[in-house]
Amino acid sequence: MRTLAPGRNSPGFTLIELLLVIAIIAVASAGVSFAMRDSAESQLEQEAVRLAALLESGRARSQASGVPVVWRTTDTGFEFRGLPEGALPKAWLSTMVAPSAPTVLVLGPDPITGPQKVRLVTQGSNRRTLEVATDGVRPYGVQVPAAAGPP
């Protein structure tokens with residue numbers, strides 16, 4: 001014969017037990033959704049951080065050697081004019097990321113270059129944009145571009 005535990009009216013789960021299971025499922029779902037980032041967005045961030053580091057490297061080499069270095073976009077990627085061939089990479093890591101327009105940056109040899117920026121965009125229907133910029137004194141850094149004002 002089956003008996004119920006003292007103080008329980010029916011077999012089943014208590015409200016506390018059900019709430020605990022729901023809370024565990026909610027936390028697990030949130031963790032999974034944060035872990036699954038948009039790959040195009042993460043590729044854009046990776047390219048922007050990489051480009052900022054490359055531009056700083058080109059700037060430092062230009063200042064150290066006293067030779068002007070110019071970075072510019074090309075049809076297949078980008079190039080550093082003024083540096084030996086193969087000194088720095090000249091291709092994007094991802095085909096999903098490209099500059100929004102042809103760009104030329106003067107990296108040196110002067111220590112102060114003036115404000116410069118490159119706008120990177122993801123290709124496809126869900127376009128995202130980041131800028132790699134400097135004010136001419138500080139290092140290149142990644143920025144979210146300011147929203148366009150009213151026309």
Check your understanding: Residues in salt bridge (charged side-chain N to carboxylate O under 4.0 Å, His left out) with Arg127, at least two apart?
Key -> none
Study note, to complete from the structure: All heavy atoms of Pro145 vs all of Leu130, minimum pair found to be CD-CA, 3.9 Å
Check your understanding: Is there a path of hydrophobic side-chain contacts, each under 4.5 Å between heavy atoms of I, L, V, M, F, W or Y residues, that connects Phe80 with Val49?
Key -> yes
Exercise for review: Using side-chain contact (heavy atoms from CB on, under 4.5 Å) as the criterion, list what pairs up with Val21, not counting sequence neighbours.
Suggested key: Ile25
**Study point:** Sub-4.5 Å side-chain heavy-atom contact between Val132 and Leu55
**Key:** yes
Point to revise | Hphob cluster co-occupancy, Val106 + Leu51, side-chain heavy atoms under 4.5 angstrom | key: no
Practice item. May I ask whether Val70 and Val118 are part of the same hydrophobic cluster, defined by side-chain heavy atoms of I, L, V, M, F, W, Y residues being less than 4.5 angstrom apart, directly or through others? Key: no
Exercise for review: List for me each residue that meets side-chain contact (heavy atoms from CB on, under 4.5 Å) alongside Gln46, sequence neighbours excluded, and say none if there are none.
Suggested key: Leu93
**Study point:** Qualifying ring-ring contact (aromatic ring centres under 6.0 Å, His included) pairs, either residue in residues 88-128, two or more places apart
**Key:** Phe78-Trp92
Exercise for review: Of all the heavy-atom pairs spanning Pro109 and Pro68, show the shortest one and how long it is.
Suggested key: CD-CA, 3.6 Å
Point to revise | Counterpart residues, side-chain contact (heavy atoms from CB on, under 4.5 Å), relative to Ala87 (two or more places apart) | key: Arg61, Leu83, Pro84
Practice item. Determine the minimum heavy-atom distance between Pro139 and Glu56, stating which atoms define it. Key: CA-OE2, 3.2 Å
Revision key, fill the gap. Excluding Leu19, membership of its hydrophobic cluster (Ile, Leu, Val, Met, Phe, Trp, Tyr; side-chain heavy atoms within less than 4.5 Å) reads Leu15
Exercise for review: Determine whether Leu88 and Trp71 make a side-chain contact, defined as any pair of heavy atoms from C-beta on separated by less than 4.5 Å.
Suggested key: no
Practice item. List in chain and number order the residues that pass side-chain contact (heavy atoms from CB on, under 4.5 Å) with Ser65, two or more places apart in sequence or in another chain; answer none if no residue qualifies. Key: Val67
**Study point:** Pairs meeting criterion salt bridge (Lys or Arg N to Asp or Glu O under 4.0 Å) with involvement of residues 90-111, two or more places apart
**Key:** Glu85-Lys90
**Study point:** OG1 on Thr103 to CG on Leu105, rounded to 0.5 Å
**Key:** 6.5 Å
Check your understanding: For Glu47, which residues count as a salt bridge (charged side-chain N to carboxylate O under 4.0 Å, His left out) partner, sequence neighbours excluded?
Key -> Arg50
Revision key, fill the gap. Correct closest heavy-atom pair for Pro111 and Gln63 would be CA-NE2, 3.3 Å
Check your understanding: How would you list all residue pairs meeting side-chain hydrogen bond (donor to acceptor under 3.5 Å, both in side chains) that involve residues 132-143, not counting sequence neighbours?
Key -> Gln116-Tyr140, Asp135-Arg138
**Study point:** Results of side-chain hydrogen bond (donor to acceptor under 3.5 Å, both in side chains) for Ser94 - residues two or more places apart only
**Key:** Gln43
**Study point:** side-chain contact (heavy atoms from CB on, under 4.5 Å) assessment of Thr122 paired with Leu44
**Key:** CA-CA 6 Å; Thr122 57; Leu44 177 64; 3.6 Å; yes
Check your understanding: Do you know which two heavy atoms are closest between Glu17 and Gly12, and how far apart they sit?
Key -> OE1-O, 4.3 Å
**Study point:** Closest non-hydrogen atom pair between Ser62 and Gly108, with its separation
**Key:** OG-C, 3.1 Å
**Study point:** Pair listing, salt bridge (Lys or Arg N to Asp or Glu O under 4.0 Å) test, anchored in residues 94-103, at least two apart
**Key:** none
Check your understanding: Say you draw a straight line from CG of Leu120 to OG of Ser100; how long is it, rounded to the nearest 0.5 Å?
Key -> 7.5 Å
Review point. Looking at side-chain heavy atoms only, is the closest gap between Val144 and Glu131 below 4.5 Å?
Key: no
